[in-house]
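Below is one structure, written out as structure tokens; the observations come after it.
For ligands, and for the atoms within them, numbers begin at 1 and follow the listed sequence. Here, residue 1 is the first one in the sequence, and each next residue gets the next number. Predicted model only: the values in this text are computed from it and were never measured.
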Amino acid sequence: MATSVRILTGITPSGTPHLGNYAGAIRPAVAASRQPGTESFYFLADYHALIKVQDPARVQRSTLEIAATWLACGLDPDRVWFYRQSDIPEIPELTWFLTCVAGKGLLNRAHAYKAAVDANTAQGEDPDAGVTAGLYLYPVLMAADILAFKAQKVPVGRDQVQHIEMARDFAARFNHLYGEHLVLPEAVVEEQVATLPGLDGRKMSKSYDNTIPLFAPPAQLKKSIAGIVTDSRAPGEPKDPDASHLFTLYRAFASETEAAEMHAALRGGLAWGEAKQALFERLDGHLAPMRERYEALMAKPDDLEATLQAGAAKARAIATPLLRELRAAVGIRPLAVAGMARRETDATEAPGRGAARKLPGFKQYREADGRFHFKLVDAEGRVLVQGEAQASPREAGALIARLKVGAAALDCAAEGVLRLADQPVGRLGEGVELAEVREALAALATPD
Ligand code: TRP
């Protein structure tokens with residue numbers, strides 16, 4: 001069975017991207033999104049931004065800039081899932097389900113919260129002074145981001161590993177209570193993250209105020225580069241490239257040959273001014289085509305909005321059916337669904353997952369033919385419907401979503417072929433009656 005790995009990355013829109021973000025995060029992520037056998041999810045975590053940024057104009061501006069940056073750097077929205085967190089209402093809904101299984105004690109130990117408490121304590125303040133519930137629940141929202149899409153891998157920096165562990169913990173608790181619905185994600189720690197030095201030689205970071213903006217106009221780029229700190233060796237004096245962060249920056253954007261040439265030139269006495277000019281040309285050459293795309297995107301926020309809306313629809317084709325399944329699993333479901341209330345009572349004798357196991361469900365998988373298959377199975381695992389294979393997981397998800405709300409319109413032609421609005425959607429399982437399929441779908445559907 002051909003499989004693909006689902007990878008998910010959240011980007012908090014809280015500032016303007018700089019060269020360090022590009023080299024350390026954007027460039028490698030865009031390259032990774034082109035790997036075969038991967039399904040990449042990239043989203044703008046604007047709900048997360050609200051925890052830190054309470055300036056509405058800045059939230060909007062940063063969302064626009066970051067969306068434009070990722071697209072300008074080559075992220076292909078047709079190939080990946082690219083969306084804005086706040087366009088996916090399933091995320092806050094799942095956040096609540098997870099909040100109700102998340103251990104408060106575990107959240108007490110989350111780094112960001114603990115750091116705030118420690119700082120307050122050190123200053124003799126109330127431990128929770130100035131701490132919002134948003135900061136406290138940050139890991140739950142992040143878990144919902146990941147679990148809503150059944151992501152398997154989450155590339156993160158070391159500081160975020162704890163959050164992925166928490167997402168696993170919440171998912172495991174949920175599954176233990178309600179059955180195997182959620183996929184436990186894994187953190188992928190990038191050991192080799194390219195960190196660029198900033199103007200002063202420390203790591204390029206907004207908090208050090210030493211950044212080179214990614215898409216500043218050439219004149220401003222030149223001015224930034226002029227501000228790179230060098231030693232005071234005069235033109236003609238040999239320089240030590242390996243002790244120079246100007247050279248480190250150059251190398252990050254040059255071929256090996258070009259880097260070797262610059263290395264030799266500096267040792268041979270190239271003036272810092274000339275080296276800066278060479279760095280400017282290198283960077284400008286590298287960034288200019290992307291900057292042009294960036295400016296075009298920034299000039300048309302309507303188009304960007306449309307791209308994000310299309311991305312949200314594509315993402316919701318996955319999250320909507322999952323949340324429908326989860327609502328039913330936790331007991332938020334139509335009151336009239338036959339047998340449900342009774343079964344729940346039985347379940348008191350077999351606590352835990354027993355109750356949830358009794359639900360029918362859809363299973364999606366990919367076969368060697370490269371197509372995306374699905375089936376509807378009953379509570380005991382018997383195949384009720386073998387679905388019509390689809391070209392993409394999105395189409396399979398969309399068809400499942402239609403089936404879940406379309407039970408009444410389903411009909412069965414000769415030979416067990418099921419149709420929905422005259423379109424073949426699958427076949428009945430061995431010895432299965434259409435009525436059983438309708439009942440199973442009704443059990444899964446919840447009113448919107
Ligand atoms: N917390 C992440 C950061 O600050 C951003 C983020 C939000 C995220 N949700 C996520 C990252 C889900 C990975 C997966 O960098």
Side-chain angles (χ1 to χ4, degrees), residues 5-18 20-26 28-30 32-33 38-53 58-59 62-63 65-67 69-70 75 80-95 98-99 102 107 110-116 132 134-171 182-190 193 195 203 205-207 308 311-312 315 318-319 322:
V5 187
R6 195 170 279 182
I7 306 171
L8 179 138
T9 303
I11 311 136
T12 308
S14 56
T16 302
H18 57 69
N21 301 137
Y22 172 74
I26 306 172
V30 170
S33 77
T38 57
E39 290 180 343
S40 299
F41 288 64
Y42 296 93
F43 69 96
L44 302 154
D46 53 350
Y47 283 145
H48 278 98
L50 299 186
I51 296 169
K52 279 189 276 188
V53 185
R58 189 158 153 232
V59 171
S62 178
T63 304
E65 285 177 351
I66 293 188
T69 299
W70 281 74
L75 195 71
V80 305
W81 284 252
F82 184 55
Y83 52 95
R84 172 169 54 192
Q85 184 184 33
S86 61
D87 286 330
I88 316 293
E90 288 80 6
I91 291 175
E93 186 175 16
L94 180 54
T95 299
L98 298 175
T99 302
L107 292 173
H111 297 319
Y113 171 67
K114 255 184 71 192
T132 64
L135 177 68
Y136 189 68
L137 293 174
Y138 176 115
V140 189
L141 177 58
M142 181 158 161
D145 292 333
I146 299 167
L147 301 175
F149 298 97
K150 298 190 174 176
Q152 293 152 310
K153 307 257 175 193
V154 186
V156 285
R158 288 229 158 271
D159 59 320
Q160 297 280 323
V161 172
Q162 187 196 35
H163 293 146
I164 311 303
E165 295 303 324
M166 289 188 175
R168 291 175 66 87
D169 183 273
F170 307 152
L182 299 174
V183 171
L184 273 51
E186 270 171 50
V188 183
V189 181
E190 311 283 350
V193 183
T195 50
K203 178 184 172 198
S205 162
K206 199 171 54 177
S207 39
L308 289 176
I318 295 170
L322 177 62

Item to check | Region of F149 engaging ligand 1 - heavy atom pairs below 4.0 Å | outcome: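 None of F149 does.
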Item to check | Region of Q85 engaging ligand 1 - heavy atom pairs below 4.0 Å | outcome: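 Near ligand 1, Q85 shows nothing, with every heavy atom at 4.0 Å or more.
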Next on the checklist: Is there a side chain to side chain contact (heavy atoms under 4.5 Å, CB included) between H48 and D145? Walk through the geometry before answering.
Outcome noted: CA-CA 10 Å; H48 278 98; D145 292 333; 3.0 Å; yes
Find all atoms of ligand 1 within a distance of less than 4.0 Å from any non-hydrogen atom belonging to [X], and give their numbers and elements.
X: V154; value: 13 (C), 14 (C)
X: Y138; value: 1 (N), 2 (C), 3 (C), 4 (O)
X: F43; value: 9 (N), 10 (C), 12 (C)
X: T12; value: 3 (C), 4 (O), 5 (C)

Checklist entry - What distance separates K150 NZ from L322 CG, expressed to the nearest 0.5 Å? => result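 With rounding to 0.5 Å, NZ (K150) is 5.5 Å from CG (L322).
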Item to check | Identity of the nearest option to atom 9 (N) of ligand 1, non-hydrogen atoms only, from D145, D159, L8 | outcome: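 That would be D145.
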Checklist entry - Minimum heavy-atom separation for A110 to P139, with atom names? => result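 For A110 versus P139, the nearest heavy atoms are CB-CG, 3.9 Å.
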Checklist entry - Parallel under 30°, tilted from 30 to 60°, perpendicular over 60°: which one fits the rings of W81 and F41? => result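 Rings of W81 and F41: parallel, as their planes differ by under 30°.
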Next on the checklist: Tell me if a side-chain donor or acceptor on Q152 pairs with a main-chain N or O of R6 at a distance below 3.5 Å.
Outcome noted: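 Here the side-chain-to-backbone pair exists.
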